[in-house]
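Quick note: numbers below take in every heavy atom, side chains included, and nothing from hydrogens, waters or symmetry partners. Order of the sequence lines sets the chain letters (A, B, ...), proteins ahead of strands, with each chain counted from 1.
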2 protein chains.
Amino acid sequence: MTKTLTELRATAPWLLHVSTDIVIFTIREGELRVLLRRRYSEAMSVTCWALPGGYLGPVEPLEQCAQRTLAHQTGIDDVYLEQLYTFGRPDRHPKSRVITVAYFALIPWERVCAESAEGVPHIAWRHVDALPDLYLDHAEIIDQARQRLVSKLQYSTIGFEFMPEQFTLGELQCVYETILGEPLDKRNFRKKVLAFGCVEDTGEQRRNGSHRPARLYRYTAPGEVLYIK
Amino acid sequence: MTKTLTELRATAPWLLHVSTDIVIFTIREGELRVLLRRRYSEAMSVTCWALPGGYLGPVEPLEQCAQRTLAHQTGIDDVYLEQLYTFGRPDRHPKSRVITVAYFALIPWERVCAESAEGVPHIAWRHVDALPDLYLDHAEIIDQARQRLVSKLQYSTIGFEFMPEQFTLGELQCVYETILGEPLDKRNFRKKVLAFGCVEDTGEQRRNGSHRPARLYRYTAPGEVLYIK
DNA sequence: CCAAAAGTGTTGTTTATACACCCATGT
DNA sequence: ACATGGGTGTATAAACAACACTTTTGG
């Protein structure tokens, strides 16, 4: 029992290993983007783009592993995180058996820290419709995360996880339109959101360009995803 | 590499192990019931009730593990099976670290085979509202499976997985009422189901008691769960 | 005064709900 | 003949979809 886990992984490929991978989305420039990191794949002896994530510690809860690896690799913490699906095809990793528990996360662009901002080497926020070749089955994981996001947008307040503390209804509508990929009617959208009963007018306004200023709203259940209807 | 996996599990408690557990539901006597098996818990040196399930083989896909252990322990195969959630609290198993990928499954009572019928020792179909003490966190797993079942009933044709090849609309309505725990209006229910467009009249009837015979219908997408609305 | 996004109501359509009687059979 | 579950339609309410003009600001 003197071997480290890393050594064990190398010497005992016939054992099962468990990892977590995190699909973290943001909205930027009218695009749904996902965070990728450049990593060296020992398995394939090349560097490639991959999701943040890593191996589960011996006494670590799954979600904590997701939080820890995300924070460690990208500096991001305190985001909405939800278990997505567990991927375990025996051949998904070429050198050993790795079961990965995928999580998906959302963050407002404003909260992306310097450590994973645009321009940082080894880090990229990529449009989900223009992904590079990805490590293992990470493209499949992202695809499934995206489907979950789209469907949860319909029956929950998950979209608010993309918003900063204060936001305008126009900004919120843009987020919905970006994720759904279709334009929405402004009046119907505002009516529906206000009917949720989970936004309040802050009384403040945002002046932003040569047009009428917009009211700023606040989500009244921050950090919580509510089910609607 | 001469040790068996079973020996390894005993001698290397600091390694991670992966298992699957299956929550299989049926409808019987107006009750939603779940299949339990009596098992000896080495961890706790007692026998107790548990979900069917077992350890993942070294080169076995996750879903196949669920199918294999279910078939081996209960004789049941060829059922609707869907990944539910992965449970991995570090202390969920007292003697080693076991991550379990839970699946949920549905079967029409008519298809339950002799090997897991009522009266077979070590096997029980228990009402979900009257469960005995269960192994580890299996009560929590069942609870989550039940929530998933209820919500999927609203937006998919998952309820048909409880039906035999031919069924009456009255029987289908009973299934819905049992799962939802509330009575439904007969006319509205029939209207809605026929609007799904995935049942067809077989032309046959079922005479069953001293009243008018009922038409028999067939689900036109057997083995498939469709999303509705 | 012009351009640009913010803000606001009404109407028609679709969907969901509530509700009561006759039918075919076995005993 | 009667008890039992099978089968059917309509009227009301609620939810959703379509649609156009006025307001406020910066330049």
**OP:** Kindly say whether Y40(A) contributes a backbone atom to a donor-acceptor pair with the side chain of T47(A) at under 3.5 angstrom?
**Re:** no
Original post:
Between residues 147-186 of chain B and DNA chain D, which residues have a heavy-atom gap below 4.0 Å?
Top reply: K186(B)
Subject >> Nucleotide interval of DNA chain D bounded by contacts with chain B (heavy-atom cut-off, under 4.0 Å) >> reply: dA3(D) to dT10(D)
Original post:
Any chance NE2 of H127(A) has more than 12 other-residue heavy atoms, nucleotides or ligands included, within less than 6.0 Å?
Top reply: yes
Original post:
Within the modelled atom types, does a donor on one side and an acceptor on the other bring the side chain of N208(A) and the base of dA5(C) under 3.5 Å apart?
Top reply: no
Original post:
So do the side chains of Y219(B) and M163(B) get within less than 4.5 Å of each other, counting heavy atoms only?
Top reply: no
Original post:
Considering only dT17(C), dA4(C), dG9(C), which nucleotide approaches the side chain of K191(B) most closely?
Top reply: dT17(C)
Original post:
Does NZ or CZ of R92(B) fall inside the cone over F87(B)'s six-membered ring, less than 6.0 Å from its centre and within 45° of the axis?
Top reply: no
**OP:** Would you mind telling me which residue lines up with the more 5' stretch of DNA chain D, A214(B) or N188(A), judged by nearest nucleotide?
**Re:** A214(B)
Original post:
Centre of F104(B)'s six-membered ring, under 6.0 Å away, within 45 degrees of the axis: is that where NZ or CZ of R148(B) sits?
Top reply: no
**OP:** Would you kindly check whether a donor in the side chain of R212(A) faces an acceptor in the base of dA3(C), or vice versa, at under 3.5 angstrom?
**Re:** no
**OP:** Report the distance from atom OH of Y217(A) to atom P of dA6(C), rounded to the nearest whole Å.
**Re:** 12 Å
**OP:** Give me the ring orientation class for F189(A) and Y176(A): parallel if the planes are under 30° apart, tilted from 30 to 60°, perpendicular past 60°.
**Re:** perpendicular
Original post:
Under 3.5 Å, side chain of Q83(A) to main-chain N/O of T86(B), donor-acceptor pair present?
Top reply: yes
Original post:
So what does R190(A) touch, heavy atoms closer than 4.0 Å: a base, only the sugar-phosphate, or nothing?
Top reply: base
Original post:
Rounded to the nearest Å, what distance is computed from the CG atom of residue L194(A) to the C1' atom of nucleotide dG9(C)?
Top reply: 14 Å
Original post:
Can a donor-acceptor pair be found between the side chains of Q73(A) and R37(A) at a distance below 3.5 Å?
Top reply: yes
Original post:
Is E60(A) paired with R89(B) through a side-chain N to carboxylate O contact shorter than 4.0 Å?
Top reply: no
Subject >> Nearest-angstrom distance from the residue atom NZ of K192(B) to P of dA18(C) >> reply: 13 Å
**OP:** Report the distance from atom CZ of R187(A) to atom P of dT11(C), rounded to the nearest whole Å.
**Re:** 13 Å
**OP:** Answer with yes or no whether K229(A) presents, from its side chain, a donor or acceptor under 3.5 Å of a partner atom in the base of dT15(C).
**Re:** no
